[in-house]
Novice: 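Submitted below is the structure of interest, expressed as structure tokens.
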Amino acid sequence: MKQFLDLEDISDVQKLIEEAISLKKGPFEHEDLGKHKTIGMLFFNSSLRTRLSTQKAAQNLGMKTVVMNLNSEGWALEFEDGSIMNGNKAEHIKEAAAVVSQFVEIIAVRAFPGLTDKEKDGQEQILKSFQKYASVPVVNMESATAHPLQALTDAITITEFKLKKRPKVVLSWAPHPKALPHAVPNSFTKMMQLIDVDFVITHPKGYELDPEITKESKIEYDQEEALKDADFVYSKNWSSYKNYGKVENTDPNWMMTLEKLGEARFMHCLPVRRNMVVADEVLDSEQSIVIQQASNRTYAAQVVLKRILENN
Ligand code: SN0
């Protein structure tokens, strides 16, 4: 693996999942691999799990970590080519990415979408600019349209917890007061298409994800029907893709409850809004595996960093 911008950078998903699970049993077995190497983690947005798990993963491999919140700690960056920089932006990404590359061996970036301009968000300007102007590999820690480290975590978690060879997995839209990105449901959907599961997406009409992502995946508008015999239920809000970035529905009937969950395991990438996305009774039950899921973030990041260190 040369870089990790999206799931397309994985050539052997099943092997990667197995390797992550084995790293969990021996997290320090490769602690010389990252010796004298540093990862620079650059955040344009908030983070709890990604920040801590990626640092932990890097440290398990013997790397050092540098973390910067670029919006508050760095110079405001210009991303447009050829712009006259007479405004608030003090530094161009061309210099910034090249300079960061002098100090670290891997750059990891988090940059959420603006959710106002579908085309612009789709271009992934921030992530792609780092890739273009950095001279070291780039890792996506959630970009405008993708969160591949989360999706890898989710696949690891399903693999660990599944009781049958081909479990039924339901991605169930949930209400939320704010407009949220499509990155998590996009990457989760793509990952479910790569592993052996019976996958169904359920959401209100108007909340269809990008059809280039959902492709042949089954969409069932009736949530009750979709949830029948589910083994894993992944609740997640996303804003409308069609009416881009808009909150069109906050119907509390879409919230996940124990009754709807049935016998299934409950998953969510976190952070999650209690009693909005999912009822307390679900998160506080044994059926919820959100903490074990969050714990797996370390091994998803570690297997990705390991592969990148081995191939650069
Ligand atoms: C982000 C998202 O993409 O949905 C990050 C998930 C890993 N979630 C949020 O921004 C939640 C914000 C909120 O106010 O609940």
Side-chain angles (χ1 to χ4, degrees), residues 4-7 41-57 67 69-72 108-116 118 120-122 124 126-127 139-157 171-191 201 203 207 209-210 213 233-241 244-250 252 254-256 266-280 282-283 288-301 304:
F4 192 62
L5 299 186
D6 207 341
L7 295 174
M41 298 169 53
L42 309 179
F43 289 94
F44 290 89
N45 309 92
S46 308
S47 173
L48 176 71
R49 279 147 291 278
T50 300
R51 179 169 172 153
L52 295 179
S53 65
T54 309
Q55 287 193 80
K56 176 117 179 144
V67 183
N69 296 312
L70 281 193
N71 281 345
S72 53
V109 180
R110 164 163 285 194
F112 288 179
L115 288 178
T116 52
K118 184 188 280 192
K120 187 162 193 292
D121 287 346
E124 293 281 15
I126 298 184
L127 186 72
V139 171
N140 182 348
M141 296 194 295
E142 188 170 349
S143 64
T145 67
H147 196 356
L149 282 175
Q150 181 66 52
L152 180 56
T153 301
D154 301 336
I156 294 166
T157 309
L171 172 61
S172 187
W173 181 90
H176 198 286
K178 265 174 58 182
L180 293 192
H182 306 96
V184 170
N186 280 351
S187 292
F188 185 71
T189 298
K190 279 168 70 171
M191 181 54 92
I201 309 172
H203 54 69
Y207 273 87
L209 292 162
D210 180 355
I213 299 233
V233 173
Y234 200 110
S235 288
K236 181 73 185 89
N237 168 267
W238 58 89
S239 55
S240 174
Y241 181 74
Y244 192 67
K246 295 287 183 292
V247 176
E248 295 192 318
N249 189 330
T250 51
W254 279 86
M255 180 178 78
M256 192 50 54
F266 178 79
M267 297 176 72
H268 191 283
C269 60
L270 306 181
V272 71
R273 299 217 183 199
R274 283 176 171 253
N275 305 311
M276 184 81 204
V277 168
V278 52
D280 279 339
V282 173
L283 284 172
S288 170
I289 53 172
V290 298
I291 305 302
Q292 295 94 323
Q293 189 183 350
S295 172
N296 279 336
R297 292 293 309 271
T298 298
Y299 307 101
V304 165

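Both ligands and their constituent atoms are indexed starting at 1 by order of listing. Excluded from the calculations below are hydrogen atoms, water molecules and symmetry mates; all remaining heavy atoms, backbone and side chain alike, are included.
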Novice: Measure and list all N/O to N/O distances between ligand 1 and the protein that fall under 3.5 angstrom.
Specialist:
residue, atom, partner, partner atom, Å
ligand 1, 3 (O), E142, OE2, 2.7
ligand 1, 4 (O), K236, NZ, 2.7
ligand 1, 14 (O), K178, NZ, 3.0
ligand 1, 14 (O), R273, NH2, 2.5
ligand 1, 15 (O), H176, NE2, 3.0
ligand 1, 15 (O), R273, NE, 2.9
ligand 1, 15 (O), R273, NH2, 3.4

Novice: Is it true that H182 and Y244 have ring centroids separated by less than 6.0 Å?
Specialist: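 That pair passes the under 6.0 Å test.
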
Novice: Is a donor on one side and an acceptor on the other found under 3.5 Å between the side chain of N45 and the backbone of F112?
Specialist: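 Judged by distance alone, yes, a pair lies under 3.5 Å.
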
Novice: Ignoring hydrogens and angles, state whether a donor on the side chain of N296 or Q292 is under 3.5 Å from an acceptor on the partner side chain.
Specialist: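 Distance-only check fails for N296 and Q292.
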
Novice: Run the salt bridge (charged side-chain N to carboxylate O under 4.0 Å, His left out) test against R273 and tell me which residues pass, sequence neighbours left out.
Specialist: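 So R273 forms no salt bridge (charged side-chain N to carboxylate O under 4.0 Å, His left out) with any residue.
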
Novice: Dump the intermediate steps for side-chain contact (heavy atoms from CB on, under 4.5 Å) on T54 and M141, then the final yes or no.
Specialist: CA-CA 9 Å; T54 309; M141 296 194 295; 4.2 Å; yes

Novice: Look at the rings of H268 and Y234 and say which category their plane angle falls in: under 30° parallel, 30 to 60° tilted, over 60° perpendicular.
Specialist: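 Correct class here is parallel.
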
